[in-house]
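Notes follow the structure.
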Amino acid sequence: MKLRLLTLSIISLFLTQFSFSQQYGKMQTFTNLKPYKVDSLHSQSDGEIKNVILMIGDGMSLMHVYTAWTANRGRLWLDNAEAVGLSKTYCLDRLITDSGAGGTALSSGQKTNYHSVGVDSLGKPLESLCTLAHQLKKSAGIAVTCRLWDATPADFCGHNINRDEELDLIADYVDADVDYVFGGGAELFVNRPDKRDIFDELKEKGFQLPKTWEDLAKIKSGKVFAVPYPKDTPVPAERGDLLARASIKGMNLLNQNPNGFFMMIEGSQLDDYGHSNNLDLLMQETLDFDQTVGAVMKWAAKEKGTLVIVTADHETGGLTLLGGSIAQGTVECRFSTNSHSGVMVPVYAFGPGSHLFTGLYENTAIYHKIKYLLEKKMQK
Ligand SMILES: [Zn+2]
């Protein structure tokens, strides 16, 4: 009897180990067949700060960046960063955070509970960097590749103790302090159980509502709310440089405000492919995000007083680079989880004020540094 039990437990242990290795441990290989050129950029690092662009790679750790760097033959636009720091991502009630609490720390400077968006631990709404920009008479905007009810955009435009309250988070956009929005998720703006037509309400607030990139490209001025897809935007191979185009379009529109602007840009789907342990799509997303960083840095290098910050809310997938070749752009990786992991994430800065982002700090400090730099000019 005892022997039978022992045999059973050995078999179950073997099965557990086996399924673990099936799920996470499998070595995956990716080769970047279309490496891109990267230029050396120099910011106009002196002078007052007018514009701040905060770029978030959802779930992007240093490992993602170094793996993408290897895949692109040893170069990334991120290499142009003029200062680098490390951000501690834990949230108020958990060691391993999510995009709700992780993004709220970036948007509002406060650690909050897991799954909360734009509220403190008691559920009180927090003012995001978009609201701060409006208080300083600046414009504000966001551009993301995910559905707009997803946690990161909601951290900047919504308030809820539960990130799964998708209908409420979409309705929050009507009162959000934004002048430009680009993202997916059109299906929850209309045909809602509460009978509200959020697109109609946004129109009444003075927003133009282009339904395609072509329509958006034609807009020359004014407030824009662009939601060209029912859910997320398509994969990079299908959408091309859409995130870069939508970001630059927003920056050009927001920059018409003589006081400048704040903008949040997210490479949203790095997180999704970290969760699904899909190295191929994860690398495509990371390389797309880096090329968006390149487009934004090039714009910032020409526009005086523009600071670009690139960071993440947490790591996803426990990605580990175990082999490969810089010359061939090949990477061999394993994941260690389908969820988020606990590791500090990098913070890259380019432009005036960059030096403030050097060092080791809490994720909330990123908000406070940006706030300090934005207000510094206004006090003059
Ligand atoms: Zn996630």
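Residue numbers count from 1 along this sequence. In listed order, ligands and their atoms are each counted from 1.
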Sorted by chain and number, protein N/O/S atoms nearer to the Zn ion (ligand 1) than 2.8 Å are Asp271 OD1, Asp271 OD2, His275 NE2, His340 NE2
Legend entry - N/O donor-acceptor pair under 3.5 Å between Arg334 side chain and Thr320 backbone: no
In terms of heavy-atom contacts, Leu86 and Pro346 come closest through CD2-CA, 4.2 Å
Of all heavy-atom pairs linking Ser108 and Leu126, the shortest is OG-CD1, 3.3 Å
Between Asn51 and the options Val308, Leu374, Asn255, the side chain to side chain contact (heavy atoms under 4.5 Å, CB included) test singles out Asn255
Donor-acceptor list for residues 213-228 side chains, cut-off 3.5 Å, not counting sequence neighbours:
{"residue": "Asp215", "atom": "OD2", "partner": "Thr212", "partner atom": "OG1", "Å": "3.4"}
{"residue": "Lys223", "atom": "NZ", "partner": "Lys205", "partner atom": "O", "Å": "2.9"}

**Prompt:** Any side-chain heavy atom of Val343 within less than 4.5 Å of one from Leu62?
**Reply:** no
